[in-house]
Amino acid sequence: MRAVFDRFWKYIYGANGLVLVLYFVFVFVTTLFFYDNLLPFLPLMAVAFLPLAVVISHFLIKFISKLTIKEKSASAPKSSTVLKCLLYIAPLVVYLINFWAFYPGGFSVDSVVQYNQAMTNEYNDWHPVLQTLFAFKLPLSISGGWIGSIVLFQIICFSGALGYAFNTVLKYSNVKITVASVLFVLLNPLIALTLMFPYKDNAFATGAVLLTAFSVRIFFSKGEWIKSNLNTAIFIVTAVCTTLFRHNALTFTVPLVIAVLFFISRKRFLVIAASIIILFALIKIPLFAVLGVEKPDNRQAETLGLPLNVIAATVTYTPEKADSEILDFAYSINLRESYEKYYTYGCFDNVKYSGDTAPIEEAGRQKVLSMALRCLKASPKESLKSIFRLTGETYNPVHKYISLSLIRPYIISNLNGIDYAGNEDVMTLLLAYDLLAVDYLPHLFFIVGTMHLLMIIALLSKTKLNSLKDWKKILLVLPFFFYNYSTAILLTDVYDSIRFFAYTYCLVPLLLVLLFKQTEDSKKHN
């Protein structure tokens, strides 16, 4: 028996293969869970699928583990200065064409609110204040109030970050891989369309791309990159700004900063950590106090997406299974008829925006979580459907959670004189390409679950979970997963959430180079 187990363990490449097998089974089960006629047979189907998952995992790991980016020899020709400059210019040109088509960019309700805050100097931290100052106040001040400066400034910053990322890929791979990376990112309509809005997602993406590029350089230089005082200062400022550009960015920046610990001395890490905390505190306390920043309300309604969806699914589809407290709570937010009319799995916003969120704030986090757990126990099928739908965007490569009508640049009716003044012909061409990409290349450009599957397969194929050396590399990849999965849990609605994950596509080339690049250490290790 022991011999059989050892052969099986070796066949699936140990813990790595086991994790991949379980991932495939989880995706399989959560996909079929929405088909009620299959539910009685789902355990049996999962067991039947298990051998197939084992075989697929074996061959994927066997094939991909052999793929490497070979280390450059000392005699390899160096990349030209022209090419390095082009890697900065290319994203700028592509996104300026989009800016020309959609000028002055997209302005949603959130964008107009932040614009008004920048113009009146009355700030509310509902939208991250540092992002309002950086993405709105700064360009408006520099340009004398020119509305087009907001998106233009965002494009310049984001293009600079991408240029640095592309140069990082070039430094540690080759021209072919770099060109493929550039095309993969710049041909993605989701990134371009999201960038036309001055969203906090873009400010966060700019910082996340830079921090990931820094981490790649830190890894391959064995920590030498961050030993430079200038690079250390840049790393600290970027980490703090990225953290403050989104309220949940901590799930990305904190694990990344911790990962850096393994490449530098304890003393230097303590200096970096202390500097980050002090700078963060200086911005959040004295600066915000000087600016008179108001604290936001309704935070519970924005951060309890998963439990609120569980409750909504239960009271919509199986109200007879909910107790009186749950029903009273749900119907104090909106009428029973509204749930029946507007709610679908993972889409609580339909109910929230037409109702009253005050009961959510009054109930508080602990009470809402308690009610959600009771719903999960009383109505597991409906509760799990809401959970799988809400979080599925990050792990399920089957379903397409995308509607271009939601991310296509638009400008809401406003009193600020902000109106579309772009080029109709260029816009028509771009939107035609976007629609073709959605129809024919969704897995390449729009389905985040496909990118997660790719990264998980790459991570499990190119590292060993039982190797302390490999965990240095693994820890640098984990922030990517931590942020996306935690964001999915916080969402209240899956329908308009694709923009939160657009940055994913910018990180994939960097992380693949990190995983596939062969160094002298990895040769000895393998």
Quiz prompt | Interatomic distance, L22 atom CG to L50 atom CG [nearest 0.5 angstrom] | solution = 8.0 Å

Practice problem: Check whether any side-chain heavy atom of F481 sits under 4.5 Å from a side-chain heavy atom of L459, and report yes or no. | Solution: yes

Self-check item: Ring centers of F24, F49 separated by less than 6.0 Å
Solution: no

Quiz item: What about the rings of F197 and Y410, do their centers lie closer together than 6.0 Å?
Solution: yes

Practice problem: Report yes or no: does K462 contribute a side-chain atom to a donor-acceptor pair with the main-chain N or O of L67 at less than 3.5 Å? | Solution: yes

Practice problem: Give a yes or no on this: more than 12 heavy atoms of other residues, nucleotides or ligands lie within 6.0 Å of atom OH of Y342. | Solution: no

Practice problem: Could you pull out the closest heavy-atom pair between F107 and V112, with the gap in Å? | Solution: CB-CG2, 4.2 Å

Quiz prompt | Chi angles and distances behind the side-chain contact (heavy atoms from CB on, under 4.5 Å) call for F158, L162 | solution = CA-CA 6 Å; F158 186 71; L162 279 183; 3.5 Å; yes

Self-check item: Cation-pi, Y199 ring and R499 (6.0 angstrom, 45 degrees)
Solution: yes

Quiz prompt | N414 side chain vs I412 backbone, donor-acceptor pair below 3.5 Å | solution = yes

Practice problem: Would you confirm whether N16, through its side chain, and T463, through its main-chain N or O, come within 3.5 Å as a donor-acceptor pair? | Solution: yes

Quiz item: Are E382 and T316 side-chain neighbours, meaning at least one heavy-atom pair lies under 4.5 Å?
Solution: no

Quiz prompt | Donor + acceptor pair across side chains of T253, T242 (<3.5 Å) | solution = no

Quiz item: Going from OG1 on T31 to CG on N396, what distance comes out if it is rounded to the nearest 0.5 angstrom?
Solution: 3.5 Å

Practice problem: Can you measure from CD1 (I489) to OG1 (T303) and round to the nearest 0.5 angstrom? | Solution: 12.0 Å

Practice problem: Please indicate whether W100 has more than 12 foreign heavy atoms, meaning atoms of other residues, nucleotides or ligands, lying under 6.0 Å from its CH2. | Solution: no

Quiz prompt | Residues W146, L140; criterion side-chain contact (heavy atoms from CB on, under 4.5 Å); working and verdict | solution = CA-CA 6 Å; W146 173 41; L140 287 170; 5.9 Å; no

Quiz item: With a 4.5 Å limit on heavy-atom distance, are the side chains of F166 and V185 in contact?
Solution: yes

Self-check item: Euclidean distance, T68 OG1 relative to K517 NZ, rounded to 0.5 Å
Solution: 9.5 Å

Quiz item: Side chains of S354 and N350: does their closest heavy-atom pair fall under 4.5 Å?
Solution: no

Quiz item: By side-chain contact (heavy atoms from CB on, under 4.5 Å), which residues pair with C375, not counting sequence neighbours?
Solution: V310, I311, T314, I326, S383

Quiz item: Side chain of N188, backbone of F184: donor and acceptor closer than 3.5 Å?
Solution: no

Quiz item: If you look at every heavy atom in L60 and I457, which pair is closest and at what distance?
Solution: CD1-CD1, 3.8 Å

Quiz item: Is the side chain of Q117 donor-acceptor paired with the backbone N or O of N124 at a distance under 3.5 Å, no angle test?
Solution: yes

Quiz item: V21 and S57: which non-hydrogen atoms are nearest, and at how many Å?
Solution: CG2-OG, 3.4 Å

Quiz prompt | Exam field: side chain H443 to backbone T450, donor-acceptor pair closer than 3.5 Å | solution = no

Quiz item: Out of curiosity, S149 OG to I155 CD1, how far, rounded to the nearest 0.5 Å?
Solution: 11.5 Å

Quiz item: Can you find a pair of side-chain heavy atoms, one from Y483 and one from R246, that are under 4.5 Å apart?
Solution: yes

Self-check item: Residues that P128 engages under side-chain contact (heavy atoms from CB on, under 4.5 Å), provided they are two or more places apart
Solution: Q131, K200, H247

Quiz item: Any sub-3.5 Å donor-acceptor pair from S159's side-chain atoms to I156's backbone N or O?
Solution: no

Self-check item: Minimum-distance pair of heavy atoms, taken over all atoms of A165 and A213
Solution: CA-CB, 4.2 Å

Practice problem: Applying side-chain contact (heavy atoms from CB on, under 4.5 Å), run through V448 and Y505 and close with a yes or a no. | Solution: CA-CA 8 Å; V448 178; Y505 297 90; 4.1 Å; yes

Quiz item: Do L507 and V209 have side chains that get closer than 4.5 Å, going by heavy atoms?
Solution: yes

Quiz prompt | N-O pairing of K473 and D470 below 4.0 Å | solution = no

Self-check item: Approximate separation, where rounding is to 0.5 Å, of D493 CG and L390 CG
Solution: 8.0 Å

Exercise. Decide if atom CZ of F41 counts as having more than 12 heavy atoms of other residues, nucleotides or ligands within a radius under 6.0 Å.
Key: no

Self-check item: Heavy-atom closest pair, residues R389 and V494
Solution: O-CG2, 3.6 Å

Exercise. Mark yes or no for whether T30, through its side chain, and V27, through its backbone, hold a donor-acceptor pair below 3.5 Å.
Key: yes

Quiz prompt | Atom OH of Y485: over 12 foreign heavy atoms under 6.0 Å | solution = yes

Quiz item: Do N309 and Y343 have side-chain N/O donor and acceptor atoms under 3.5 Å apart?
Solution: yes

Self-check item: Close side-chain approach of F348 to L304, heavy-atom, < 4.5 Å
Solution: no

Quiz prompt | Parallel, tilted or perpendicular, as decided by the 30° and 60° cut-offs, for the rings of F388 and F34 | solution = perpendicular

Quiz item: What's the verdict on side-chain contact (heavy atoms from CB on, under 4.5 Å) for C241 and L130, showing C-alpha distance, side-chain angles and the deciding distance?
Solution: CA-CA 8 Å; C241 289; L130 191 65; 4.2 Å; yes

Quiz item: Quick check: does any side chain N or O of N416 sit under 3.5 Å from a backbone N or O of I418, one acting as donor and the other as acceptor?
Solution: no

Quiz item: Do the side-chain N and O atoms of Y503 and N484 include a donor-acceptor pair separated by under 3.5 angstrom?
Solution: yes

Quiz item: Looking only at heavy atoms, what is the nearest atom pair of T206 and C157, with distance?
Solution: CG2-O, 3.8 Å

Quiz item: Is K352 close to N334 at the side-chain level, that is, under 4.5 Å between some pair of heavy atoms?
Solution: no

